[in-house]
Amino acid sequence: MSRARTRTAVISAGLALITATAGCAGEPPVPTNALAANPDPRPAADAMLSQVISKISERGSTRSEVRGSLGVVGELNADGVVRYRGPQADLALDGQTRNLRNQPPQRLNLSIVDGVGYLQTPLARPAPDKPWLRISPGAGDFGSKLLGPALDQVHEAVDPRATFSGIERATRIQSSAPDQVDGRPTTRYQLRIVTAQAADAATDPQQRTRYRKAADSGEPELEYQLWLDESGLPARFAATGQVAQAGQVSLTSTYREWGAPVEIPVPPAYQIGVFQEGPPR
């Protein structure tokens, strides 16, 4: 594969990861003085979310299925596992993407361990003998610069803790109702993160920057759905919305076997490569 085609393939893979996990827009912005005059009548989700985050941490692991549409990129179908270690969440996804233009599905494997990502897909092969691409936060190689910011967003797609930790008070319960997930009784919560409040509440600098940027760009709320089973653990987690350059994006994670032992594979070093070259001029 030529260098130009390789760079294009990596950018395509980056778009798939970034758009798959981007936040979703809510209602049009409301003037600040109107908010002061009309306090938000929706209940805060902090008590509920604090209990959910605590239960997830206690169980320590889960198996999941990730399904959805990546807009113009195509459909994603993957099985995954997540392992929780303190504030850290390691994960692995094994599945495929299918382009909407009826092209053959492309295999995709992704592991994130200690914040470092390992991606295997025909769209981004570092070298003929190195099928895995390493994505290291803060690294100077092209692949890490392109995909590094997406790693936190990938965590949010499969880990409610990464989405809501630190901003529980800035999250509102839009509605709740009884529902079922794979035949299990659940309660479905429509949740809204108020971006301006989240930017003020967040202690993580990256999280704070993200929500401030969303609030300043006219995204007053980000929308999520969370299904809790009778024990208070997530049964399903979903986000849907319009994403720039991708169109309609919808990603749903369905959980099972909380607490089951899981393995997060890391490829051997000799199979891992990086992209050192920069983007095309």
Side-chain angles (χ1 to χ4, degrees), residues 17-18 20-23 45-46 48-68 76 78-95 108-120 132-139 144 147-168 171 191 193 198 201-211 222 224-229 231-239 251-267:
L17 283 177
I18 294 169
T21 56
D46 55 329
M48 181 265 287
L49 289 175
S50 295
Q51 291 183 6
V52 171
I53 292 169
S54 177
K55 288 178 180 291
I56 291 175
S57 300
E58 289 173 1
R59 293 300 178 97
S61 61
T62 186
R63 303 184 191 278
S64 67
E65 297 176 354
V66 183
R67 304 287 184 265
L76 172 69
D79 293 322
V81 294
V82 188
R83 179 179 62 208
Y84 306 95
R85 298 180 293 113
Q88 183 71 43
D90 301 330
L91 64 91
L93 293 177
D94 178 2
L108 181 144
N109 296 91
L110 174 68
S111 294
I112 301 178
V113 178
D114 293 329
V116 178
Y118 305 91
L119 174 67
Q120 183 184 40
W132 288 88
L133 174 65
R134 184 176 68 238
I135 308 163
S136 303
S144 292
L147 300 177
L151 293 185
D152 288 339
Q153 296 174 351
V154 173
H155 277 110
E156 289 195 13
V158 298
D159 179 12
R161 297 191 322 169
T163 301
F164 299 112
S165 291
I167 57 167
E168 294 91 340
T171 305
L191 300 176
I193 294 176
T203 57
D204 178 78
Q206 292 183 348
Q207 194 180 44
R208 185 166 57 248
T209 299
R210 176 195 171 192
Y211 290 122
L222 302 179
Y224 298 90
Q225 293 185 76
L226 179 63
W227 288 255
L228 298 182
D229 64 19
S231 67
L233 283 162
R236 182 169 287 166
F237 183 50
L251 195 67
T252 299
S253 295
T254 301
Y255 305 96
R256 67 185 189 280
E257 299 181 45
W258 281 97
V262 300
E263 294 292 333
I264 310 294
V266 175

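What you see below is based on every heavy atom in this structure, not just the backbone, and it leaves out hydrogens, waters and symmetry mates. By convention here, the first residue in the shown sequence is residue 1.
With hydrogens and angles ignored, the 3.5 Å screen pairs a side-chain donor or acceptor of R67 with a backbone N or O of A78. The main-chain N or O of Q88 is never found under 3.5 Å from a side-chain atom of R83 such that the two would form a donor-acceptor pair. Side-chain N or O atoms of S54 include none that pairs as donor or acceptor with a backbone N or O of S50 at under 3.5 Å. Judged by distance alone, the side chain of S64 and the main-chain N or O of S253 form no donor-acceptor pair under 3.5 Å. D46 places no side-chain N or O within donor-acceptor distance of the main-chain N or O of T171, the cut-off being under 3.5 Å.
The two residues I56 and L233 have their closest heavy-atom pair at N-CD2, 4.0 Å. Nearest heavy atoms, A92 versus I264: N-CD1, 4.1 Å. When all heavy atoms of Q207 and A202 are compared, the closest pair comes out as OE1-CB, 3.5 Å. Of all non-hydrogen atoms in R236 and Y255, the two that sit nearest each other are N-CD1, 3.9 Å. For I193 against I167, the heavy-atom pair with the smallest separation is CD1-CD1, 3.7 Å. Nearest heavy atom pair, residue S144 against residue S136, reads OG-N, 2.9 Å.
Contact check for V262 versus V82: no side-chain heavy atoms found under the 4.5 Å cut-off. Using a 4.5 Å heavy-atom cutoff, the side chains of V66 and L93 are in contact. In this structure, the side chains of L228 and Q51 stay at 4.5 Å or more apart for every pair of heavy atoms. Residues L49 and L191 form a side-chain contact, since some pair of their non-hydrogen atoms from C-beta on lies under 4.5 Å apart. For the pair E263/V81, no side-chain contact is recorded, criterion being any heavy-atom separation below 4.5 Å from C-beta on. R161 has its side chain within reach of S57: a pair of non-hydrogen atoms, C-beta onward, lies under 4.5 Å apart.
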(message) salt bridge (charged side-chain N to carboxylate O under 4.0 Å, His left out) for R256 and D229? Distances and angles first, verdict last.
(response) CA-CA 10 Å; R256 67 185 189 280; D229 64 19; over 6 Å; no
(request) Show your working on side chain to side chain contact (heavy atoms under 4.5 Å, CB included) between D94 and Q120 and close with a plain yes or no. (result) CA-CA 10 Å; D94 178 2; Q120 183 184 40; over 6 Å; no
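Using cut-offs of 30° and 60° for the angle between ring planes, the W258 and Y84 rings count as parallel. Ring-plane geometry between F164 and Y224 is classed as perpendicular, the angle between the planes exceeding 60 degrees on a 0 to 90 degree scale with a lower cut at 30.
When the options L108, N109, I112 are evaluated for a side-chain contact (heavy atoms from CB on, under 4.5 Å) with L119, the one that passes is L108.
Here CD1 of I135 is found 6.5 Å from CG of L110. Values are rounded to the nearest 0.5 Å.
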